[in-house]
Amino acid sequence: MLINRYFEMVRLYLAGNERITTADAAASAVKALSVSAPVEMEVPPDPKPGNSYNIAYFFNYLAYALFSILILGVTTCMFAFNNTDIKRRNMCSPLSLRQMYLQMAGGNLVFAVLSWAVMILAGLAIFGRQILSQRGMLLCINSFIFMTAGLSISYLISGLLKSRNAQGAVANVVTLGTCFIAGVFVPQELLGNFVLSMAKFTPTYWYVKANNLIVDISDFSGSSTGAIISCMFIQAGFAAGILLLSLFIAGKKRTAL
């Protein structure tokens, strides 16, 4: 970006003055780009006790890390089971399809819960008792529900991917794309209405929104937590709906064997 700025400045000098030489334009560009102004940033004191905004940033960024781990981990595991020869061999085994799917779902669930637990332990090491407070426990519950939605999406992606080469690309596109439009990297207050309207079709948006509500809440009574619980239910709805879609696709592929 800095190099482009320099060349653009040189181009402007050359376009604006036909008599100027390239050397003089380069020198003028360097002189213009070297101009600076003193900037003083005033940071307001944290209005929340216990530096709550820092813990909110931690849990917001957790969405990216956890989502990436789930997609890469689940797809890697399911690639083995989705192999056509292994699928046919498993279908000839004495295990029923129900038992087979329950065991695979249980294995993926254990992997997801362990990944989530590692993230929470990292937060516990950083923030200490804040994680064990009422606010921290709500953030943990919200992240756990988001983990179930991420697990369902990961299982859906594992059923759609046909090549290991696309695994990393899909993981980056899904995680980075949803995190950018949902408010993980850029606060939702700074995003446009059109972007937020698209983000509402992702569980990441409702996860971040619930985190923001939890941090801003001052009264943990039933009426105050209603909006938070609604966001959690929407994430759970995403998890259930995407899981049903994944099972439908898996059933269609099984009949095609």
Side-chain angles (χ1 to χ4, degrees), residues 1 44 47-48 52-72 74-75 112 115-116 119 123 135 138-161 166-220 222-249:
M1 291 174 63
K48 297 294 179 183
S52 296
Y53 283 123
N54 284 343
I55 196 172
Y57 287 134
F58 172 82
F59 274 94
N60 283 350
Y61 279 99
L62 181 144
Y64 170 68
L66 185 59
F67 207 175
S68 298
I69 291 171
L70 290 178
I71 292 178
L72 292 174
V74 172
T75 52
S115 302
W116 170 82
M119 301 282 182
R135 193 185 309 275
L138 277 175
L139 290 169
C140 290
I141 294 172
N142 186 42
S143 64
F144 185 86
I145 297 174
F146 174 76
M147 178 268 295
T148 61
L151 180 60
S152 297
I153 295 174
S154 302
Y155 187 75
L156 174 63
I157 293 174
S158 69
L160 298 176
L161 282 181
Q167 185 182 18
V170 171
N172 284 329
V173 169
V174 173
T175 54
L176 285 174
T178 55
C179 287
F180 267 115
I181 67 174
V184 173
F185 301 128
V186 180
Q188 292 182 348
E189 295 80 8
L190 302 180
L191 296 172
N193 292 329
F194 177 73
V195 175
L196 292 177
S197 298
M198 292 191 300
K200 288 179 181 178
F201 291 95
T202 68
T204 312
Y205 169 84
W206 301 102
Y207 168 73
V208 174
K209 184 177 181 180
N211 283 343
N212 295 336
L213 291 173
I214 293 170
V215 171
D216 292 332
I217 196 173
S218 56
D219 180 20
F220 290 93
S223 57
S224 301
T225 57
I228 299 172
I229 294 174
S230 298
C231 293
M232 293 181 179
F233 270 113
I234 292 173
Q235 294 177 68
F238 271 105
I242 295 172
L243 179 61
L244 291 175
L245 178 61
S246 304
L247 294 176
F248 174 77
I249 294 174

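The first residue in the sequence is number 1, and the count goes up from there. Below, each value reflects all heavy atoms present in this structure, side chains not excepted, and no hydrogens, waters or symmetry copies.
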Interatomic distance, L66 atom CG to F59 atom CZ [nearest 0.5 angstrom] | 11.0 Å
Taking all non-hydrogen atoms of both residues into account, name the closest pair between I217 and I214 and its distance.
-> CG2-O, 3.0 Å
Expected output: side-chain N142 to main-chain M232 donor-acceptor under 3.5 Å = no
Looking only at heavy atoms, what is the nearest atom pair of L191 and G183, with distance?
-> CD1-N, 3.9 Å
How many angstroms lie between CG in L156 and CD1 in I71, if you round to the nearest 0.5 Å?
-> 10.0 Å
Calculate, to the nearest 0.5 Å, the distance between atoms CZ and OG1 belonging to F180 and T175 respectively.
-> 10.0 Å
Report the relative orientation of the aromatic rings in F67 and F146; use parallel for angles under 30°, tilted for 30 to 60°, perpendicular for over 60°.
-> perpendicular
Residue pair I242 / Y155, side-chain heavy-atom distance below 4.5 Å | no
Separation of L213 CG from I228 CD1 (nearest 0.5 Å) | 5.5 Å
Would you mind telling me which of L196, N60, I181 makes a side-chain contact (heavy atoms from CB on, under 4.5 Å) with Q188?
-> L196
Over all atoms of both residues, closest heavy-atom pair of Y207 and S143 = CE1-CA, 3.5 Å
Residue pair L72 / G168: nearest heavy atoms and the distance that separates them = CD2-CA, 4.4 Å
Enumerate, atom names and distances included, each donor-acceptor pair closer than 3.5 Å involving a side-chain atom of residues 198-206, sequence neighbours excluded.
unit_1 : atom_1 : unit_2 : atom_2 : d
T202   : OG1    : A199   : O      : 2.7
W206   : NE1    : K200   : O      : 2.9

Atom OH of Y64 and atom CD1 of I69: how far apart are they, to the nearest 0.5 Å?
-> 10.0 Å
Which heavy-atom pair separates S154 from L70 by the least distance, and what is that distance?
-> OG-C, 3.4 Å
Distance from I145 atom CD1 to W116 atom CH2, nearest 0.5 Å?
-> 10.5 Å
Using atom types as modelled and distance alone, determine if a side-chain donor or acceptor of S158 lies under 3.5 Å from a backbone N or O of T75.
-> no
